[in-house]
Amino acid sequence: MNESRPKSMSAFWMPFTNNRDFKASPRLLVSAEGMYYKDVDGNSVLDGTAGLWCVPCGHAQPRITQAVSEMVGQLDFAPTFQMGHPAAFDLAEQLMDYTGHKFGHVFYTNSGSEAVDTALKMALAYHKARGEGGRTRLIGRERGYHGVGFGGLSVGGIGNNRKSFGPLLPGVDHLPHTHNLLKNAFSRGEPDFGVELADELERLVTLHDASTIAAVIIEPVSGSTGVLVPPKGYLKRLREICDKHGILLIFDEVITGFGRLCTPFASDYFGVEPDMMTTAKGLTNGVVPMGAVFSKRFIHDAFMEAPAGIELFHGYTYSGHPLACAASLATLEVFREQGIIENAKSLQPYFEDALHSLRGLPHVIDLRSIGLVAGIELEPIAGKPGARAYSAFKKAFADGILIRVTGDIIALSPPLILNKQHIDELFGKLATILKNLD
């Protein structure tokens, strides 16, 4: 592998990146193991973000590396249109086991974005298959992130992600977000205020009529907009309203799935079962791109009542790719054998206390946490939104910790294999940065 600096960086148009700023002073990673990256200069960088929320089992897990290596020599590719390979079916059964059989079926994609668009299409097609083709409206939520496909952008609620791409899908509406700094600042776990915001769905039902609404999609915990934790009872209330009006409820668990809340999924943490669930990221420990939609049996069965033939005209060339299946099977094995979630659960109180030790530091206006994910909200610099947190991000990397920023919010989501020393290093360095931040 090339561990030297590239001769030129002009050809690569980088995603979600200030390309000009980055290429003037690049941050280049060349290897990773356990909790740490190594940069091109040989410096260790503690991973405070599990890559991009996607490496719960830590980097270079030998079992996963071995499984992918063995599969690439055995079956580098196999189509799953009108044929298949054993690993795809074995993985589906194990994933159903992992969910406690709350779902009946899994449909493979290659990313969270594709999983979201797939779930939205399934919702529309499900209602049509049942003779309710008028249910075409999709409901998202402000400050929600559901990937970058046109479906996900449409139901998503991040202005910067939407404004350059025209009107997007018609017939989409949004619930209000639940973030309330005035009443819920410095909360631990679910904040107390805001359950009534779920009743905004009743307002949208009155406005549009339930017979036009196919599905509501939300992140149980909004990650990409800064760790927005739902108020107590909020998700249960949404479930009740959806049931009342025959609306499908979709949880986007691309970030919260696979242990991030110290439970297999956020639906387990909150005790609320959606009708569909989108996953990706931790599904393969980030080793090979893969996403999936978990579906309740009744949704799948509605399609199976159609005349003989292809039931759903949808899929991807790489749905259920052999390497991705091998990586995911090995990831589930690592979760079981190494007690990944149990380790996360044991460290959650220590992690939470370390986060809240930052209260009172300059510019810190909120701290919030749930499971092993934390948000640190900073007071913006007047006229320069996002500048303060971005400065913290660059200082952090120079000091040997990787954090993620969105606007003026720092988000932390370390690999779940961490120990107390890693927590001390992460928050200790971060405290010093915040104390000296302009």
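Residue pairs meeting the side chain to side chain donor-acceptor pair (under 3.5 Å) criterion with at least one member in residues 64-80, sequence neighbours excluded, are Q66-E70. For residues 117-150, the pairs satisfying ring pair (Phe, Tyr, Trp, His ring centres under 6.0 Å) are Y126-F298, with sequence neighbours left out. Sequence neighbours left out, the pairs with a member in residues 313-333 that pass salt bridge (Lys or Arg N to Asp or Glu O under 4.0 Å) are R63-E333. Among pairs with a residue in residues 233-253, none fulfils ring pair (Phe, Tyr, Trp, His ring centres under 6.0 Å), at least two apart in sequence or across chains. Applying the salt bridge (Lys or Arg N to Asp or Glu O under 4.0 Å) rule to pairs touching residues 310-321 yields nothing, sequence neighbours excluded. Within the structure, every pair that satisfies the salt bridge (Lys or Arg N to Asp or Glu O under 4.0 Å) test and touches residues 215-232, not counting sequence neighbours, is listed here: D192-K232. Within the structure, every pair that satisfies the salt bridge (Lys or Arg N to Asp or Glu O under 4.0 Å) test and touches residues 41-55, not counting sequence neighbours, is listed here: R5-D41.
Contact of the Q421 side chain with the N419 side chain is registered, since non-hydrogen atoms from C-beta on lie closer than 4.5 Å.
Of the residues L120, L138, I139, L248, the one that meets the side-chain contact (heavy atoms from CB on, under 4.5 Å) test with I217 is L120.
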Hey, can you pull the donor-acceptor pairs under 3.5 Å for the side chains in residues 157-166, sequence neighbours left out?
residue: N160; atom: OD1; partner: K163; partner atom: NZ; Å: 3.1
residue: R162; atom: NH1; partner: L153; partner atom: O; Å: 2.9
residue: R162; atom: NH1; partner: S154; partner atom: O; Å: 2.9
residue: R162; atom: NH1; partner: G156; partner atom: O; Å: 3.1

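Listed by chain and residue number, R203 satisfy the salt bridge (charged side-chain N to carboxylate O under 4.0 Å, His left out) test with E200 (two or more places apart in sequence, or in another chain). Not counting sequence neighbours, the partners of I255 by the side-chain contact (heavy atoms from CB on, under 4.5 Å) test are W53, S224, K281. The salt bridge (charged side-chain N to carboxylate O under 4.0 Å, His left out) test applied to K236 returns no partner, not counting sequence neighbours. With sequence neighbours left out, the side-chain contact (heavy atoms from CB on, under 4.5 Å) criterion links C242 to L201, V216, R239, I247, L249.
Proximity of the aromatic rings of F107 and F294 is defined here by a centroid distance below 6.0 angstrom, and this criterion is not met.
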